[in-house]
2 protein chains.
Amino acid sequence: MSVTLADVAARAGVSAATVSRVLNGNYPVAGSTRSRVLRAVDELEYVVNGPASALAAASSDLVGVLVNDIADPFFGIMASAVQSEIGPGPDGAGHKMAIVCNTGGLPERELTYLTLLQRQRAAGVVLTGGAVEDPGHAEALGARLRRLEAAGAQVVLCGRPPLPEPGPLTVTFDNRGGARRLTEHLLSLGHRRLGYLAGPAGRTTTRHRLEGHREALSAAGLAGDAERLTVQGAYDRAAGYDGALELLRRDPGLTAILAANDTVALGVCAALRDRGLRIPEDVSVTGFDDLPFAVDATPALTTVRLPLHDAAARAGRLVLGRETPPPGGVTTFPTELMARQSTAAPGR
Amino acid sequence: MSVTLADVAARAGVSAATVSRVLNGNYPVAGSTRSRVLRAVDELEYVVNGPASALAAASSDLVGVLVNDIADPFFGIMASAVQSEIGPGPDGAGHKMAIVCNTGGLPERELTYLTLLQRQRAAGVVLTGGAVEDPGHAEALGARLRRLEAAGAQVVLCGRPPLPEPGPLTVTFDNRGGARRLTEHLLSLGHRRLGYLAGPAGRTTTRHRLEGHREALSAAGLAGDAERLTVQGAYDRAAGYDGALELLRRDPGLTAILAANDTVALGVCAALRDRGLRIPEDVSVTGFDDLPFAVDATPALTTVRLPLHDAAARAGRLVLGRETPPPGGVTTFPTELMARQSTAAPGR
DNA sequence: CTGTTAGCGCTTTCAG
DNA sequence: CTGAAAGCGCTAACAG
């Protein structure tokens, strides 16, 4: 049915081994032979059988990218950056392919996909997004990752904290520091009653951001109310909407609300508007991540920029072994406060 | 090195064939044998060698998904929907994996990826997003798709117009009708001087939306100015910003601007605000697609909703052969006008 | 219901 | 620099 290496070899009048060598370019072949083979490939429209060569060579050109939700630009940007590093270059050469796996944030799904990737004999795996902090899952995950590495796959964590040594290569963000500076910004504007909408419980990202916030609060002697003015919720708009209303119920005199991320912040803004509260005159609002839409919110959202693209691109290079990791294997990217119009001195 | 089928067979005291049958569940096996095998699999932590089985069975469980830009929620939503249909179910069973390929809208990249997918012996391919209308590329693309189908892959187009019969299965949107209704909405509000920011030239989506717009204009006897009040640009925010300024230059008395999509509309809004123009009092603005952020724009964006998720989910089912296609193989999804606050009667 | 036997298409020593 | 031959790990008839 399909045309094979042998067909090409026959047509070019050489052995299959030679064709293989030409195609892989990893062995000296005479120029004339080479062009004869290439012509045959062309004429026959030959396309390598990936599974066959993966089997024979015990290696594939697939790289897994695990994300919570590919429809969320936060993950889309990272997936895109990984792809741009590993995919076909401008010259069409050097092509690994990314298998994007949507875990939906479910631990079991994460494990399932890791097994599936091992089954594909993936050359590497990039795990993006915050990790679930359940100890049982952490252990199961660690075991899967070790197996993958034992099978020869390069594992890179991107946007989550490093695992205990000797863990996989890691590229992470200073979420804690970003959150701290964000809260300090609000405090320096004069806010004293700050509501905090945390992300889902049991996730490292949630915890680190919350810790940064509390650090700043404590330093200002404002730790007392922190617990009461913190509401947990999902990383989505609805959580922001509902959460903002709940915070207002707990303290109608709130002058600022910090959201777990930009998407949540959009929900907060909507709730505030529906309540007839002005931003930032009545209540200041902040996001986190600095996704592209943050600057287009009205008013433009004060937030913390994560270098998502750069970090994921680096993860892509690391997973291919195209960049040497720092000693310890952990790279932490700084985060940057983006002060815009959704925050101002309290007016009420 | 790695544990193989034979190891499992030896451990369970059966033949490799039996193990294979248990694992694939496509052949009767005695209950006791079955559990013995499963236990051996477990004890040995055996993971099937995907490439090997793909080679032997001449079929893989990979499905390609081509997108222009995975960082754009428009494509993220579709990729996510395809994934949710083909990926591991809640039970962890029935797992195909999606290879997401970022073409960046480049025709050559599209062809490259198609070849790479054929090399992987992908079970199917979903091509999302508008097609490039260059005849040379259309032909090359058609050839690649035919080869893929000849190799046994199921091809599904999602969000682009059907190819000439007998083309691949297609799921598409009524872009033209949506654009028409959108323009009619503006006309019925009383607008007579409408600027149009079209997407990149040479793409079907751009053309269909523009055609719908012109249809409505012609029906209202307003076709005369259409040409002059149309500006082409990319599908991004910057194009919206620059395009809006250009339109205003061409006709300072414009009362409405229709953007190629929601992202472009955001750029338009920013430009208008920078110019001190109010939306919708001075200028009405519309988007297209109804991405999640459209409702959060201020004012909330009037746009046309595309059922991205439903359409892509259907594409996912079609590519797996889990849903029987309609006669002719083409499904057209209707689009819906979402009239919100960014449009109103002209006030100037 | 289970085992035996050939390959699937490619890579890779090992000779020449 | 090129060819011959031996698998890689699994599946799928074909017999029992």
Side-chain angles (χ1 to χ4, degrees), chain A residues 1-38 40-41 44-62 115-116 118-123 151-152, chain B residues 1-38 40-41 44-62 115-116 118-123 150-153:
Chain A
M1 35 166 272
S2 184
V3 24
T4 74
L5 238 210
D7 299 331
V8 176
R11 173 120 191 176
V14 299
S15 74
T18 301
V19 178
S20 168
R21 298 200 259 250
V22 169
L23 261 26
N24 293 303
N26 52 6
Y27 209 83
V29 175
S32 63
T33 319
R34 169 184 200 66
S35 51
R36 202 141 33 87
V37 168
L38 258 17
V41 165
L44 265 30
E45 299 191 332
Y46 171 67
V47 176
V48 181
N49 183 318
S53 58
L55 172 57
S59 80
S60 85
D61 45 6
L62 298 173
T115 302
L116 289 174
Q118 184 176 348
R119 164 195 296 220
Q120 297 299 336
R121 298 300 186 259
Chain B
M1 37 165 273
S2 182
V3 25
T4 74
L5 237 210
D7 299 331
V8 176
R11 173 118 189 176
V14 297
S15 74
T18 300
V19 177
S20 168
R21 297 200 261 250
V22 169
L23 262 26
N24 293 303
N26 52 5
Y27 211 83
V29 175
S32 62
T33 320
R34 171 185 198 67
S35 51
R36 202 140 33 88
V37 168
L38 256 16
V41 166
L44 265 30
E45 298 191 332
Y46 171 66
V47 176
V48 182
N49 183 317
S53 60
L55 172 56
S59 79
S60 85
D61 44 7
L62 298 173
T115 301
L116 289 175
Q118 183 176 349
R119 163 194 296 219
Q120 297 299 336
R121 299 301 188 256

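Reckoned from all heavy atoms, side chains included, excluding hydrogens, waters and symmetry mates. Within every chain, numbering begins at 1; the chains are lettered A, B, ... in the order of the sequence lines, protein sequences first and strands thereafter.
Leu23(B) has its side chain out of reach of Val8(B): every pair of non-hydrogen atoms, C-beta onward, lies at least 4.5 Å apart. Side-chain contact between Arg11(B) and Asp7(B) is absent, with no heavy atoms from C-beta onward closer than 4.5 Å. Looking at heavy atoms from C-beta onward, Leu62(A) lies in side-chain contact with Leu62(B) at the 4.5 angstrom threshold. Between Val47(A) and Arg121(B), some side-chain heavy-atom pair lies under the 4.5 Å cut-off.
One can place CG of Asp7(A) at 10 Å from C1' of dG9(C), the figure rounded to the nearest angstrom. Residue Leu55(A) contributes atom CG, which lies 10 Å from atom C1' of dT11(C) at whole-angstrom precision. To the nearest angstrom, C1' of dT11(D) lies 14 Å from CG of Asp61(B). Regarding Arg21(A), its CZ atom lies at a distance of 11 Å from the P atom of dT11(C), rounded to whole Å. To the nearest angstrom, P of dT11(C) lies 14 Å from OH of Tyr27(A). Between the CZ atom of Arg36(A) and the P atom of dG3(D) there is a distance of 8 Å, given to the nearest Å. Taking atom CG of Asn26(B) as the reference point, atom P of dC1(C) lies 14 Å away to the nearest angstrom. What separates CZ of Arg34(B) from P of dT2(C) is a distance of 11 Å, to the nearest Å.
Rounding to the nearest 0.5 Å places CG of Leu44(A) at 9.0 Å from OG1 of Thr4(A). Residue Tyr27(A) holds its OH atom at 10.5 Å from OG1 of Thr18(A), rounded to the nearest 0.5 Å. A distance of 6.0 Å separates CG in Asp61(B) from CZ in Arg119(A), rounded to the nearest 0.5 Å.
Checked by atom type and distance alone, the side chain of Ser60(A) never pairs as donor or acceptor with a backbone atom of Ala54(A) at under 3.5 Å.
For Asn49(B), the side-chain atoms get nearest to dC10(D) when compared with the rest of dA12(D), dC10(D), dC10(C). Nearest to the side-chain atoms of Ala52(B) among the listed nucleotides dT4(C), dC1(C), dG9(D) stands dG9(D). Nearest nucleotide to the side chain of Ala56(B), out of dG3(C), dC10(D), dT2(C): dC10(D). With dG3(D), dC1(C), dC10(C) as the choices, the nucleotide that has an atom nearest any side-chain atom of Pro28(B) turns out to be dC1(C).
Using a 4.0 Å cut-off, some side-chain N or O of Ser20(A) falls inside it from OP1 or OP2 of dT11(C). The side chain of Thr33(A) contributes an N or O atom lying less than 4.0 Å from OP1 or OP2 of dT2(D). Checking the phosphate oxygens (OP1, OP2) of dT2(C), no side-chain nitrogen or oxygen of Thr18(B) falls inside 4.0 Å. Note on Ser53(A): every side-chain N or O is 4.0 Å or more away from OP1 and OP2 of dC10(C). Phosphate contact (OP1/OP2 of dT11(C), side-chain N/O of Asn24(A), threshold under 4.0 Å): present.
Using a 4.0 Å heavy-atom distance criterion, Val19(A) is classed as making no nucleic acid contact. Looking at heavy-atom distances under 4.0 Å, Ala30(B) makes contact with sugar-phosphate atoms alone, never a base.
An end-to-end axis angle of 30° holds for the helix from dC1(C)-dG16(D) to dG16(C)-dC1(D), taken from five base pairs per end and rounded to 10°.
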